[in-house]
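Just so it is clear: chains get the letters A, B, ... in the order the sequence lines come, proteins before strands, and each one is counted from 1.
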2 protein chains.
Amino acid sequence: MNAAADTFRRLGRPATRGRGEVLRILSESPIPLSPREILERIPEPRPDASTVYRSLSLMISLGLVRSVALHERSRRYEAVTEGTHRHRVVCRGCGRIESFQPKKCDLSRIENDIRGALGFDVSDHSLEFFGACAECGRKKGRGR
Amino acid sequence: MNAAADTFRRLGRPATRGRGEVLRILSESPIPLSPREILERIPEPRPDASTVYRSLSLMISLGLVRSVALHERSRRYEAVTEGTHRHRVVCRGCGRIESFQPKKCDLSRIENDIRGALGFDVSDHSLEFFGACAECGRKKGRGR
DNA sequence: CCCATGACTGCAAATATATTGCATTCGCAA
DNA sequence: TTGCGAATGCAATATATTTGCAGTCATGGG
């Protein structure tokens with residue numbers, strides 16, 4: 001009856017509460033979260049921060065979670081969802097983060113170029129956009 | 001006679017040695033470097049680490065340098081060079097980093113989609129590829 | 001349902017990374 | 001050469017992440 005817990009059991013890992021909460025929180029969040037944000041969202045009794053880090057690193061090795069780098073001091077994490085591919089859009093003015101599901105993400109041409117030029121076999125990519133959100137763009141636009 | 005120093009003077013900033021070294025090192029490096037790597041490459045007498053961090057943050061605000069996030073513990077930095085646009089390719093096997101100059105980086109369509117869907121005005125993007133380099137791919141390929 | 005066992009957790013300490021206050025020194029222009 | 005504001009060194013502090021270890025929990029077997 002608990003999706004996160006089942007996921008762990010299926011993978012042969014004990015389904016502990018902290019671990020389940022981390023995965024649930026990431027699955028429910030529309031944007032990637034930092035370890036600190038994840039911790040803050042776990043209802044009491046809250047696990048230790050080290051448990052959150054250990055959970056994240058386990059889930060990454062199980063392929064349940066991936067990291068997202070938005071050029072901040074700490075990395076963020078998101079749940080891996082089958083069949084979705086998202087890019088992040090970050091506002092330089094207010095820090096707002098949004099996810100964007102591209103109509104069609106075709107970087108395969110670039111990936112082929114890379115294979116040809118460097119012999120690298122690309123399995124994955126990470127694409128983030130930076131700029132001004134509607135609100136901040138408006139603010140800056142009208143004088144300031 | 002010193003390109004880095006001139007750059008700072010032109011921008012009305014004192015051209016100090018540490019600062020110049022940081023910019024020179026980044027300009028000469030084919031791959032983005034972490035603050036620690038930058039510091040290690042400055043010849044004696046080496047400035048304090050805080051000077052390197054302060055230099056980087058100044059240069060970012062001056063637009064001379066930008067950060068590159070390769071999902072590591074610390075960010076990396078690279079010199080901004082007029083007219084070049086590069087992507088990074090990182091090997092998950094050995095950590096090797098290479099830069100790749102795309103024949104044509106056309107993400108403007110995606111950027112337009114973003115403007116339409118989210119109202120975000122994109123000014124910039126960051127694109128990194130992950131996979132296996134020629135050597136690591138070969139290793140894994142022939143049995144391991 | 002209870003037990004054995006390995007996996008996981010909390011806690012505290014260690015490390016790594018980044019930032020800041022302050023007194024001193026440096027770079028630059030007059 | 002001198003004066004001033006900017007930059008630096010140093011030490012302290014903040015933040016992020018990792019690790020050792022002893023106690024606890026989750027799961028499968030009986």
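- Within 6.0 Å of CD on B/E82 lie no more than 12 heavy atoms contributed by other residues, nucleotides or ligands.
- Side-chain N/O atoms of A/Y53 include none lying less than 4.0 angstrom from OP1 or OP2 on D/dT18.
- Remark: B/R13 is not in phosphate contact with D/dA6, judged by side-chain N or O atoms under 4.0 Å from OP1 or OP2.
- Across the protein-nucleic acid pair, A/E44 atom CD and C/dG10 atom C1' stand 14 Å apart, rounded to whole Å.
- Remark: P of D/dA26 and CG of A/D6 are 15 Å apart, rounded to the nearest angstrom.
- A straight line from CG of A/L11 to C1' of D/dA26 spans 16 Å, rounded to a whole angstrom.
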Do nucleotides 8-14 of chain D as a string where each nucleotide becomes B, S or -: B if the base has a protein heavy atom under 4.0 Å, S if just the sugar-phosphate does, - if no protein is that close. BBB---B

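- For B/E128, the side-chain hydrogen bond (donor to acceptor under 3.5 Å, both in side chains) criterion is met by B/S126, not counting sequence neighbours.
- Close to C/dG27, at under 4.0 Å from its OP1 or OP2, lies no side-chain N or O of B/R9.
- Taking atom CZ on A/R75 and atom C1' on C/dT17, their separation rounds to 12 Å, with Å as the unit.
- Atom CZ in B/F8 sits roughly 22 Å away from atom P in D/dG5 (whole-Å rounding).
- One can place OH of A/Y77 at 10 Å from C1' of D/dA16, the figure rounded to the nearest angstrom.
- A donor-acceptor contact under 3.5 angstrom links the side chains of B/N112 and B/R115, judged on distance only.
- Both B/V68 and B/L62 are part of a single hydrophobic cluster, where members link through side-chain heavy atoms under 4.5 Å apart.
- Spacing between atom CD of A/E40 and atom C1' of D/dA16 amounts to 14 Å, rounded to whole angstrom units.
- Between B/R76 atom CZ and C/dT17 atom C1' the separation is 14 Å, expressed in whole Å.
- Between B/H87 and B/H125, the two ring planes are tilted [angle within 30° to 60°].
- Note on B/L70 and B/L127: separate hydrophobic clusters, where clusters join Ile, Leu, Val, Met, Phe, Trp and Tyr whose side-chain heavy atoms are under 4.5 Å apart, directly or indirectly.
- Note on A/R66 versus A/D124: no salt bridge recorded, every NZ/NE/NH1/NH2 to OD/OE distance being 4.0 Å or above.
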